[in-house]
Protein chains: 4
Amino acid sequence: MGAVKNKRMPRAVREQQMLDAAVRTFGQRGYRAASMDEIADLAGVSKPLVYLYLNSKEDLFTACIRREAKALTDAVRAGVRPGIPADRQLWEGLRAFFTHTAENPDGWAVLHLQARTHGEPFAAEVLAMREELVVFVTQLIVVAAREAHRDPSLPEREVAGLAEALVGAAESLAAWANAAPGISAKQAAATLMNFAWSGLGNMMEGRPWSPPPQD
Amino acid sequence: MGAVKNKRMPRAVREQQMLDAAVRTFGQRGYRAASMDEIADLAGVSKPLVYLYLNSKEDLFTACIRREAKALTDAVRAGVRPGIPADRQLWEGLRAFFTHTAENPDGWAVLHLQARTHGEPFAAEVLAMREELVVFVTQLIVVAAREAHRDPSLPEREVAGLAEALVGAAESLAAWANAAPGISAKQAAATLMNFAWSGLGNMMEGRPWSPPPQD
Amino acid sequence: MGAVKNKRMPRAVREQQMLDAAVRTFGQRGYRAASMDEIADLAGVSKPLVYLYLNSKEDLFTACIRREAKALTDAVRAGVRPGIPADRQLWEGLRAFFTHTAENPDGWAVLHLQARTHGEPFAAEVLAMREELVVFVTQLIVVAAREAHRDPSLPEREVAGLAEALVGAAESLAAWANAAPGISAKQAAATLMNFAWSGLGNMMEGRPWSPPPQD
Amino acid sequence: MGAVKNKRMPRAVREQQMLDAAVRTFGQRGYRAASMDEIADLAGVSKPLVYLYLNSKEDLFTACIRREAKALTDAVRAGVRPGIPADRQLWEGLRAFFTHTAENPDGWAVLHLQARTHGEPFAAEVLAMREELVVFVTQLIVVAAREAHRDPSLPEREVAGLAEALVGAAESLAAWANAAPGISAKQAAATLMNFAWSGLGNMMEGRPWSPPPQD
DNA sequence: AATGAATGAGGATTCATTCAT
DNA sequence: TATGAATGAATCCTCATTCAT
């Protein structure tokens, strides 16, 4: 069972142990199916202590989401060197993203699967993090357009949609790469770059795909 | 609430009412949080009748997944005219997909969010449907490559990754389009075509994006 | 399943089919664990028909007990030739008893196990049958005492206890013979005759076992 | 009703209270008819506490059986002085048996009626205890045969049958003595000794009852 | 003579949460 | 800092029983 039992430890340490146990349990069982009993057990403490430090199941789940969201955005940001060309920045960001999700499958499950499937307190929490990533990608697209000497006036709504699609594709690929054995973070990133950047590049050259007129 | 109460109806009809209620409840609350009580209420019948016809919560959820998965794949298939160029087929498929998910948000939530979040009986059920879509897309990519007079030997693994990315992006965009007001199915489809097809087109012209050598 | 379905049949026949199914189900599952659904199914009819003919679960169980009790006492009575010496009558009665219980294990289970474990409506029903057997045995003992030229004044209470013991032993041996493979009705009867009659005979010779004085 | 409510008590004490309540309820109502609600009420605790300590209805019933079986065999063993003649040992054992069953009617009902009536987890549990008693009696019979200077080769199968009959008769008489008012443990024991020992004694003298030749 | 449709009531089990120490 | 003892409130599921035809 989790940590060594009954040892007195400073609050900060205990809290992290609890969050570790909670992320693992929530990630594997889901919010409702995870029981405070199991979490406390896995953390090696009694239930009242969990309540003393984290207040309630809801608060505990929220704390998990926040911690994991921050860890993910931090990882992405830390993986990107500023000042290099936009496509390289995206490449680095994607690699960091896929690496982090592969190394923290439970945390990723909490963010991608569990937090979104349960009502309003939680979905908003994830949305905030997601927005950060979307903004990051959006800026890269805008910068890339500028670097390509293109008229920078790609309609904003269009850019938003593209960024959304890219982030969405990344999220799906992360789940896919975690599930399919033998897909490395690098491979996942390369696949997505091929898929996305070539398309985006194409568009920026002024050759978007266009729907048939009668539609 | 829900249907008219207490009227005797043939089993087949009642079953559909129950599935309607179940899809709505599961879609909005999630598998665990949805209660059989609420579902029976919404269907306008007593709980025992739900159990008589659908056996258990698990079976009921599975029946929901199957019905919605079939409805979705049927809609996509019905929306695509065979024989036309591959890019047009994809365009039509995406429009059908986004139209259907927009019209059946609860069904889509069941498939995309809820079914994947809960243990093995269910995830497999959705995976089967997803695989159908991935195969459909994969074939389009292969055909398109041939139509573009390209060496048809895009590595298989690469194609699988691209198809996965496209389906994943579509799934994410469906959720996005449902959430953001004023995004029509057509717009979502166009965004994704731009994102994906241009990129794929580019690749097929022999200009894939390539990672920097030192990576 | 059970009988052929949906065939119109006269009430008396249907009732017997239902009782057959009920005895089997009650005997194997117990009163509470047996469900009207299972019984109706096994009888090859719909539940409302069972209620139409037998009124309620309680009444159905009571009808089972009565039918099986009568069948058992009838079998014992039919197996005994009157007029022969008392020990022979007991021998024949026991053989008939063990034969019948071996051939109708479910009926015997209903009488011996199930009916006695559930509240007052049923226990009384079995008690009546049991009393008949006890009386039968009591008379045999009295007659035997007379045949042995003994002072016929064996205290009544004593005789009652002995009869009770004999019937109880028979009941236990019936269960034992049913469970242990290879014990025939005849063997069971012989064991009990040895056990009981020799003891009784001994007593009638005026040599009862007597407790130590200080007790 | 039952114990004083809401007082904090050590687990071991509470468990015994729960078992007390359970034995009483199971003994009077039967396994299926007894509700966990009633048991918890009678024990003066909430249902969850019963589940916390005893796990499930099945486990609770098993715990009852084990406790009562041990109590009964302990009582019988404690009541018998070793080293005295076999008939006296049997006498003492029977007195202890009837005394204990008279003092613990619910426990006896659980063992004799309820546990045997319900499926396999439980029947086996009682059988183990019963086997102990049968072995105890079997040994007494063998020793008695030796004490009577008889050829010790009473066929084993025969002895088993006799022991079974004796134990069965004892079980039945226990129920009878409990039901009939004014039958003391001593009287029940004496009746059975008369019934059994005289018979056995007779046999050991070489005068078994023999079936008529034509049978 | 017979059944498909339907339900009120209750029972086992689990869970988040608190109290007293 | 830490926990053993305890519960109110659901939740899934089953069953005997009835109604309308």
Side-chain angles (χ1 to χ4, degrees), chain A residues 5-11 13-14 32-40 44-60, chain B residues 5-11 13-14 32-40 44-60, chain C residues 5-11 13-14 32-40 44-60, chain D residues 5-11 13-14 32-40 44-60:
Chain A
K5 230 176 168 169
N6 227 350
K7 253 208 162 141
R8 300 261 170 147
M9 313 194 56
R11 172 162 184 160
V13 177
R14 273 281 192 249
R32 294 289 296 227
S35 84
M36 295 297 274
D37 257 306
E38 188 178 358
I39 292 171
V45 295
S46 68
K47 254 187 307 179
L49 199 59
V50 179
Y51 278 89
L52 187 60
Y53 287 174
L54 277 313
N55 286 320
S56 71
K57 196 184 188 185
E58 221 179 284
D59 284 2
L60 174 56
Chain B
K5 223 174 171 171
N6 223 0
K7 247 203 159 162
R8 300 268 171 138
M9 314 196 53
R11 174 169 179 155
V13 176
R14 273 279 190 256
R32 299 286 297 226
S35 89
M36 295 298 273
D37 258 306
E38 188 180 356
I39 293 173
V45 295
S46 68
K47 244 188 312 176
L49 200 59
V50 179
Y51 279 92
L52 188 60
Y53 287 172
L54 277 313
N55 287 321
S56 69
K57 196 183 188 184
E58 212 177 298
D59 283 4
L60 174 56
Chain C
K5 233 182 167 165
N6 227 351
K7 256 215 161 134
R8 301 257 168 149
M9 313 195 57
R11 171 163 183 158
V13 177
R14 273 281 192 251
R32 296 288 298 226
S35 85
M36 295 298 273
D37 257 305
E38 188 178 358
I39 292 171
V45 296
S46 68
K47 252 186 308 176
L49 199 60
V50 179
Y51 278 89
L52 188 61
Y53 287 174
L54 277 312
N55 285 322
S56 71
K57 194 183 189 185
E58 221 179 284
D59 285 2
L60 174 56
Chain D
K5 223 173 172 171
N6 223 359
K7 243 200 163 167
R8 301 270 170 136
M9 313 196 56
R11 174 169 181 154
V13 176
R14 273 280 192 254
R32 298 286 298 228
S35 88
M36 294 298 272
D37 258 305
E38 189 179 355
I39 293 172
V45 294
S46 68
K47 248 189 311 177
L49 200 59
V50 179
Y51 278 90
L52 187 61
Y53 288 172
L54 277 311
N55 286 321
S56 68
K57 197 184 189 185
E58 211 176 299
D59 284 5
L60 174 56

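Just so we're clear, the structure is a prediction, and the values are computed from it rather than from any experiment.
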Distance check, rounded to the nearest 0.5 Å: [X] atom [atom1] versus [Y] atom [atom2]?
{"X": "R32(A)", "Y": "R32(B)", "atom1": "CZ", "atom2": "CZ", "value": "8.0 Å"}
{"X": "L49(C)", "Y": "M9(C)", "atom1": "CG", "atom2": "CE", "value": "11.5 Å"}
{"X": "L60(D)", "Y": "E58(D)", "atom1": "CG", "atom2": "CD", "value": "11.0 Å"}

To the nearest Å, give me how far apart [atom1] ([X]) and [atom2] ([N]) are.
{"X": "L52(D)", "N": "dT7(F)", "atom1": "CG", "atom2": "P", "value": "11 Å"}
{"X": "R11(B)", "N": "dG4(E)", "atom1": "CZ", "atom2": "P", "value": "11 Å"}
{"X": "L54(A)", "N": "dA2(F)", "atom1": "CG", "atom2": "P", "value": "14 Å"}
{"X": "D37(B)", "N": "dA10(F)", "atom1": "CG", "atom2": "C1'", "value": "9 Å"}
{"X": "R32(D)", "N": "dC15(F)", "atom1": "CZ", "atom2": "P", "value": "7 Å"}
{"X": "R8(B)", "N": "dT7(E)", "atom1": "CZ", "atom2": "C1'", "value": "10 Å"}
{"X": "M9(A)", "N": "dT1(F)", "atom1": "CE", "atom2": "P", "value": "13 Å"}
{"X": "E38(D)", "N": "dG10(E)", "atom1": "CD", "atom2": "P", "value": "14 Å"}

Between [X] and [Y], what is the shortest heavy-atom contact and its length?
{"X": "R14(C)", "Y": "Y53(C)", "value": "CB-CE1, 3.7 Å"}
{"X": "S46(C)", "Y": "A40(C)", "value": "C-CB, 4.1 Å"}
{"X": "L54(A)", "Y": "D59(A)", "value": "O-CB, 3.1 Å"}

Check your understanding: Can you name the side chain to side chain contact (heavy atoms under 4.5 Å, CB included) partners of Y51(A), sequence neighbours left out?
Key ->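 Counting only residues at least two positions away or on another chain, Y51(A) forms a side chain to side chain contact (heavy atoms under 4.5 Å, CB included) with M36(A).
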
Check your understanding: Closer than 4.0 Å, any side-chain N/O of R14(A) to the OP1 or OP2 of dA2(F)?
Key ->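 Yes, because at least one side-chain N or O of R14(A) sits under 4.0 Å from OP1 or OP2 of dA2(F).
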
Practice item. Using heavy atoms to find the nearest nucleotide of DNA chain F for E58(B) and Y51(C) separately, return the residue whose nucleotide is more 5′. Key: E58(B)

**Study point:** Proximal nucleotide (of dA12(E), dT3(E), dC13(F)) relative to the S56(B) side chain
**Key:**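 Closest nucleotide among those given: dC13(F).
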
Exercise for review: Starting from the 5' end of DNA chain E, give me the residue, P10(C) or P48(C), whose nearest nucleotide shows up first.
Suggested key: P10(C)

Check your understanding: 5'-most contact on DNA chain E: Y53(B) or M36(A), nearest heavy atom basis?
Key ->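 Taking each residue's closest nucleotide, the earlier one in sequence belongs to Y53(B).
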
Check your understanding: What about K47(C), does its side chain sit under 3.5 Å from the base of dT3(E) through a donor-acceptor pair?
Key ->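 Per atom types, no contact qualifies.
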
Review point. So what stems show up for DNA chain F if we need 3 or more Watson-Crick or G-U pairs in a row, all under 3.5 Å?
Key: E:2-21 with F:2-21

Check your understanding: Which is true for A34(D) with a 4.0 Å heavy-atom rule: it touches a base, it touches only sugar-phosphate, or it touches nothing?
Key ->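 The residue A34(D) makes sugar-phosphate contact but no base contact.
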
Review point. Which is true for A33(D) with a 4.0 Å heavy-atom rule: it touches a base, it touches only sugar-phosphate, or it touches nothing?
Key: nothing

